[in-house]
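Following: one structure in structure tokens, then a few remarks.
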Amino acid sequence: MEGTNDSSPTSDSLVFEINGERFEVPEVDPSTTLLEFLRSRTRFKSVKLGCGEGGCGACVVLLSKYDPVSKQIESFSVSSCLTLLCSVNGCSITTSEGLGNSKDGFHPIHERFAGFHASQCGFCTPGMCMSFFSALANAGKRPRSQASPGFSKLTVSEAEKAITGNLCRCTGYRPVADACKSFAADVDLEDLGINSFWRKGDTGEVRASKLPFYNPKDHTCPYTEVLKDECKSTRILNFQKYSWYTPVTVEELQSLLNSNTVGSGERIKLVVGNTGDGYYKETEKYDKYIDLRYIPELSAVKKDNSGIEFGAALPISKVISYLKEESKLNSCSGGELVFTRVAEHMEKIASGFIRNSASLGGNLVMAQRKYFPSDIATLLLAVGSSVTILTHHKRETITIEDFLYRPPLDPKDVLLSVHIPLLKPTTIDSSAQNNSKMLFESYRAAPRPLGNALPYLNAAFLADICFSKNGILVNRVRLAFGAYGTKHAARARKVEEYLAGKLLSVGVVDEAIRLVKGAIISEDGTSHPAYRTSLAVSFLFSFLDSFANVGSSENLNGSLLEEAAKSNSDIHTRPTRSPPLLLSAKQVVESSREYYPVGEAMPKFGAKIQASGEAVYVDDVPSPPNCLHGALICSTKPLARVTGISFKSNPRPSAVADVISVKDIPKAGQNVGGVAFFGPEPLFAGDIATFAGDVIALVVADTQKHANLAAKTALVDYDTEGLDPPILTVEEAVEKSSFFDIPPFLHPTEVGDFSKGMAEADHKILSSEIKLGSQYYFYMETQTALAIPDEDNCMVVYSSIQTPEFAQVAIARCLGIPEHNVRVITRRLGGGFGGKGLRSMTVATACAVAAHKLRRPVRSYVDRKTDMIIAGGRHPMKIKYSIGFKSKGKITALHLDILINAGITVDVSPFIPNGIITALKKYNWGALSFDIKLCKTNHPSKSTMRAPGDVQGSFIAEAILERVASELSMEVDSVRNINFHTYESLKFFYAFAAGDLIEYTLPSIWDKIARSSGFEQKIAEIGHFNRSNIWRKRGISRVPIVYQVVVNECPAKVSILWDGSIVVEVGGIEMGQGLWTKVKQATAYALSSLQCDGTEELVEKVRVIQSDSLSLVQGGFTSGSTTSEASSAAARLCCNALVERLAPLKKTLQEKTGSVKWDDLILQAHHHSVNLQAHSYFVPESSSKVYLNYGAAVSEVEINVLTGETTTLRTDIIYDCGQSLNPAVDLGQIEGAFVQGLGFFMLEEYLANKDGLMITDSTWTYKIPTLDTIPKEFNVELLNSGHHQNRVLSSKACGEPPLLLAVSVHCATRAAINTARKQLKSWGAVEGTHSTFLLDVPATMPVVKELCGLNTVEMYLKNLLSRSSS
């Protein structure tokens, strides 16, 4: 093309490598992402689509390219769901299966992930491995001393931070961090948790020798040498046919932007990293794509005495590196302070794999043009940066402030560079002072400390101060605030003007605070506006108060300022500093060899292939020929007639094959999209959509991308005339008597005489209210299915579902065909948690209807936003309670009125009341009565979610006890003790489920957790800490759980093949809980009773295979925590039958040969026509069908009174697993469940608009826990409570009960808040100081801060001033 540099040859063909394989792509849509190409046009499936926003890390790959400046290959992680394919021209891509695999040998990362039990469902694991490998590969390039053999140059801190941008919903992160830390040069192997490599007591040297060996030379980034040779001469891609242009000079860019090629009205996309697509979802195609990365000026770094100029196309991660390097070079000038702080703050933006491709300029342009809440804009505003922009033919250098506030940039305008000045201590805004010092600080308050979350508010402050006999003089100050609900970051000029020239005093700080409150005001519609203003106050107070710590005490203007300075010494509020992540943790497990290999802590079956990405999920099943793709069109109205569907591009897009709706259901079929225990659910909305999220149609297109685009741009016409208003609250449901029935057999039983109990009470609380919201599953793999028409009017459906049997019924009914014509196959799930039930049937059935009509395969992988809208999630509820209690804390009676929002259909909601009440019965309430109503509302149907009902019941119990303790001014732990069950009261409340006295282990667990956690000592330490610290408060809480489970029926089939290998099918579905692993162990144990030679290695001969609804019937619903034990029991029954058949033959052979090998026995059995396949159907006996699980947790938290941030310092858990089937798997279940509960209680806001449509519908707005939000120290003990005759191999369930223990964090937070409120009261505040208060769920930062007092700083200063005047 015109103006192309001769040294950079152009190409009209896209060339790159993937795992060493060369790809040459002559034709491609320029909007195609690397992820799309990998998953649809290569055999590499390890790269997963988790969100499509760069927010989860499931799609991370390593990108390697030749850097002509350094003449080196540079490698870094990127999010392939956002990286455009055309931008990887000349690059090498490495995916997890490229690091290692089952055929070529696994990489040490894969082996260590498996050995540290760091993979459960496995869907996120390949992305985790690639994020970590990127850090590993780059650590080797650092100028550090060589690490010991088997280790890398990474530090423990760097190893942890490498995966902070990756989400996992299963593991709880601790084992993932351990696997990564095992590579670190400074790791203490004794600090790492349970693994399959070494035994307790092994020395450090022995432990190191047992780790899969890592050699940086053998395990570095592959395939770079070939790439280096080819790409030394950079190949420039100019795909004019497909509108991708790569200018190599600014002049060429100008020419291109102003040429006829880019005609008027054409949409232009300037491309660097394309990460903005993760936030601003593009639904319209661009006419021209212009890649800016090959223009040297836009990637240059220029330094002079005035500062550093960064090319706008530089990735943020490179800017961070340059700033850190420059801060070292300028360590004597004072300018290093700004560079260091800016770099540290930038490290909290997004995640590493986003910062590696997101450009500095792109971030600022989004802030300028689209009002993105940018941290970088705020930082640059504070330091007085300038930018150079190209508008038409003119270059312009303007201040960052003028840049932000000018009219939005034209699509043809280009940001060229950003200049950060080198500020010296003696000057700011041209003013000079002797003995002056420059101070710079930046702040951000966000749900996650280490980034990957937008801030509620960010701030950056620059000050020039000097010291005199009279005190600290503020010469000049710049105060920038951003992300608080205005279009752009802004300076608080009135505050700046007021402070300039002032001697610092408490009065001056107080007035500055008053002024900033008036300056930082959010626009209408911004969430938590008062909280954001209070953050501005907190940050300014922290900054001004920190001045006093710079000089000596003689510079302080009065003793009150000195006191304020001391108060600030405990703040550590600078959230841009990297807090330490995880401390060492203890896992105490007791293996039992009674049922060997059951009880062994062996790695999860398939963990290595999950890590390498070879494990096959539904969306990894190759598309058959002529396969179409579907996307759901959902209602955005809660109750409305659907009068038509059209598309923005009329007629409908050419890629769309059909729009499938209720009219396409076969005549013999029914509008059934799901079947559960209480009847069918509709598939399509029909004439009337009954809730926001109701499925109106399935749009079918040639690719998933086109189907999704069509669904997003579909225009649905609604009409509400003549319809009643929708029911959107439980109060409205009561008013209109809109309820679902609870069958009598599911209604929980009341206990005792409530009236009598109330009459005995000394105190009463009447009609107190609690509200609980919902929680989204956030399984990493969204809903997905593939339907393939088969011969004779049959349908084969691959579905990611917890209940294939029910899906088979639903599809058959919908199509009007016999159930034997429908075959549902499920291999494994990328997470379920109860959410892969009826909603999975919706997707599977919709695909089946489309496939039936079009006579072609149809698949659908639901995008994250749609999945979040339709999923339903946990049941919200409103609770009113009345309680009577004695003066010493003994409760005599409790009555509950509970309104449960069940949504539009019954789903499995009738099970919820029993879960609530059985969990709540963990305390002796004296008498317990209740009235529970299942409210039918125009919301998406709520379904089971891990510990359904139980988690709410447990929280209600704790909230009530907290209130009682508050009323009596007692410690809540004392109230818990007083109302703890004796064995007699346990039987009274739980009847036969209580079991024998020996099984009631909770009292001993309760005492043991107090000792192991140092509970009493911690209480004293926390009291001292809280007296010594004004702005940080700690709390601690000890909480018990009693969790009732039901063991369900389960089928199994075991077959022994000619070579002695064993194939097992069970009704349970593997979804990360280790079900297959436990079944393998149980199978090996049962068959080993034959006592053949070699049976000790029998577990390696067992393979558990995928579920097939025609091969094994009556599979049921994998839920309730007990399917693993039921599946193990069913497999054992099969094995017992096989052993019975084989025993006579074995005896005969043994008499002849003296010993019999397993393989020989099986070969002879085949020759002797012994039936080597057995079926079973496990039905638990009535005495063992229902039982109780026990556990307890102690959690210690620290809250930041200024920001509301809560840090879980330590959690100790003891949980009774009986004799664990696999301690490593169960430990992972306990930690994962606890962290998911932590999300519910502390982080995850499930918000909907006025129509009931979920609006926290992305990784940007819905925040599950990450590595930086879990307990810093996480200690778990599996209590081996010995032989349990009525349990399966003496084991007990553990998948759901530990989730309830996370309420300990919430209760500890409440204790810390209570201390802060007492302090506020001591300063003279009246409002917001009472010890009786309800801490909302989730207890997010705004919630905590509001309860601590939005005006804490003002009250503190007022108190200081009043003391001064008195």
Side-chain angles (χ1 to χ4, degrees), residues 14-23 25 33-39 41-49 54 57-67 72-85 87-113 124-141 152 154 162-163 165-166 180 183 214-231 273 315 317 352-354 356-357 608-615:
L14 180 57
V15 178
F16 51 90
E17 281 184 357
I18 302 173
N19 297 333
E21 293 184 20
R22 181 186 173 88
F23 286 81
V25 184
T33 64
L34 175 57
L35 175 72
E36 289 172 57
F37 184 85
L38 284 165
R39 293 199 57 78
R41 294 176 63 177
T42 77
R43 59 187 171 81
F44 305 114
K45 304 294 184 185
S46 69
V47 182
K48 309 298 184 192
L49 175 59
C59 69
V60 169
V61 299
L62 189 81
L63 189 147
S64 304
K65 66 176 187 177
Y66 181 74
D67 180 12
Q72 297 289 322
I73 294 290
E74 55 180 22
S75 300
F76 47 89
S77 57
V78 297
S79 188
S80 65
C81 72
L82 299 176
T83 303
L84 294 178
L85 186 68
S87 69
V88 305
N89 185 50
C91 298
S92 175
I93 307 300
T94 307
T95 68
S96 195
E97 61 261 77
L99 293 184
N101 50 68
S102 55
K103 289 187 178 178
D104 303 323
F106 293 105
H107 192 279
I109 292 178
H110 300 149
E111 294 178 305
R112 295 196 195 182
F113 263 67
C124 68
T125 312
M128 289 268 190
C129 289
M130 294 315 299
S131 285
F132 181 66
F133 178 73
S134 172
L136 205 60
N138 284 300
K141 300 174 185 176
S152 72
L154 277 178
I163 53 164
N166 292 73
C180 296
F183 288 87
Y214 169 68
N215 183 348
K217 291 181 180 177
D218 296 337
H219 300 120
T220 51
C221 178
Y223 322 126
T224 54
E225 290 307 314
V226 176
L227 178 82
K228 186 175 177 181
D229 292 339
E230 183 170 331
C231 296
S317 59
F353 49 81
I354 294 296
N356 288 337
S357 48
K608 289 181 186 176
I609 60 169
Q610 287 177 186
S612 68
E614 296 168 279

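- Under the 3.5 Å distance criterion, the side-chain polar atoms of Ser152 are matched with a main-chain donor or acceptor of Phe183.
- A distance of 9.0 Å separates CG in Leu14 from OG in Ser87, rounded to the nearest 0.5 Å.
- Without hydrogens or angle criteria, Arg39 side chain to Lys45 main chain gives a donor-acceptor distance under 3.5 Å.
- For the pair Ser79 and Ile354, the tightest heavy-atom approach, listed with the atom from each and the gap, is CB-CD1, 3.9 Å.
- Interatomic distance, Leu85 CG to Leu35 CG, rounded to the nearest 0.5 Å: 11.0 Å.
- Annotation: side chain of Pro315 is not in contact with side chain of Asn356 (no heavy-atom distance under 4.5 Å).
- Annotation for Ala162 and Ser131: closest pair O-CB, 3.6 Å, computed over non-hydrogen atoms.
- Within the 4.5 Å cutoff, the side chain of Val61 has no heavy atoms near those of the Met130 side chain.
- Side-chain atoms of Ser46 do not come within 3.5 Å of backbone N or O of Gly613 as any donor-acceptor pair.
- Ring geometry, Phe23 versus Phe16: the interplanar angle falls under 30°, so the pair is classed parallel (tilted spans 30 to 60°).
- Rounding to the nearest 0.5 Å gives a distance of 5.0 Å between CD1 of Ile93 and CG of Leu34.
- Of all non-hydrogen atoms in Ile73 and Ser64, the two that sit nearest each other are CG2-CB, 4.0 Å.
- Asn19 places a side-chain heavy atom less than 4.5 Å from the side chain of Thr94.
- Closest heavy-atom contact between Phe44 and Glu97: CA-OE2, 3.2 Å.
- At least one donor-acceptor pair closer than 3.5 Å links the side chain of Asn89 to the backbone N or O of Val15.
- Counting heavy atoms from C-beta on, the side chains of Leu154 and Phe132 come closer than 4.5 Å.
- Every residue meeting the side chain to side chain contact (heavy atoms under 4.5 Å, CB included) condition with Ala615, not counting sequence neighbours, appears here in chain and number order: Ile609, Gln610, Tyr617, Arg828.
- In this model, no donor atom of one side chain and acceptor atom of the other lie less than 3.5 Å apart for Ser612 and Asn101.
- Rounding to the nearest 0.5 Å places CD of Glu17 at 4.5 Å from OG of Ser92.
- Interatomic distance, Ile163 CD1 to Met128 CE, rounded to the nearest 0.5 Å: 5.5 Å.
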Exercise for review: Let me see the working for Phe353 and Leu82 under side chain to side chain contact (heavy atoms under 4.5 Å, CB included), right down to the final yes or no.
Suggested key: CA-CA 11 Å; Phe353 49 81; Leu82 299 176; over 6 Å; no
Exercise for review: Run the numbers on Glu21 and Thr42 for side chain to side chain contact (heavy atoms under 4.5 Å, CB included), then give the verdict.
Suggested key: CA-CA 10 Å; Glu21 293 184 20; Thr42 77; over 6 Å; no
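- Going from atom CD1 of Ile18 over to atom SG of Cys91 covers 11.5 Å, rounded to the nearest 0.5 Å.
- Under the side chain to side chain contact (heavy atoms under 4.5 Å, CB included) criterion, Cys129 pairs with Ser96, Ile109, His110, Phe113, Thr125, Ala611, not counting sequence neighbours.
- Evaluation of the side chain to side chain contact (heavy atoms under 4.5 Å, CB included) rule for Ser357 yields Val78, Thr275 as partners, not counting sequence neighbours.
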**Study point:** Stepwise side chain to side chain contact (heavy atoms under 4.5 Å, CB included) check, Val88 with Phe37
**Key:** CA-CA 11 Å; Val88 305; Phe37 184 85; over 6 Å; no
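- A donor-acceptor pair under 3.5 Å links the side-chain atoms of Asn138 to the main chain of Ser134, judged by distance alone.
- Ring-plane geometry between His107 and Tyr214 is classed as tilted, the angle between the planes lying from 30 to 60 degrees on a 0 to 90 degree scale.
- Counting only distance, with no hydrogens or angles, the side chain of Ser80 and the backbone of Cys59 share a donor-acceptor pair below 3.5 Å.
- When all heavy atoms are compared, the tightest approach of Leu62 to Ser75 is CD2-CB, 4.0 Å.
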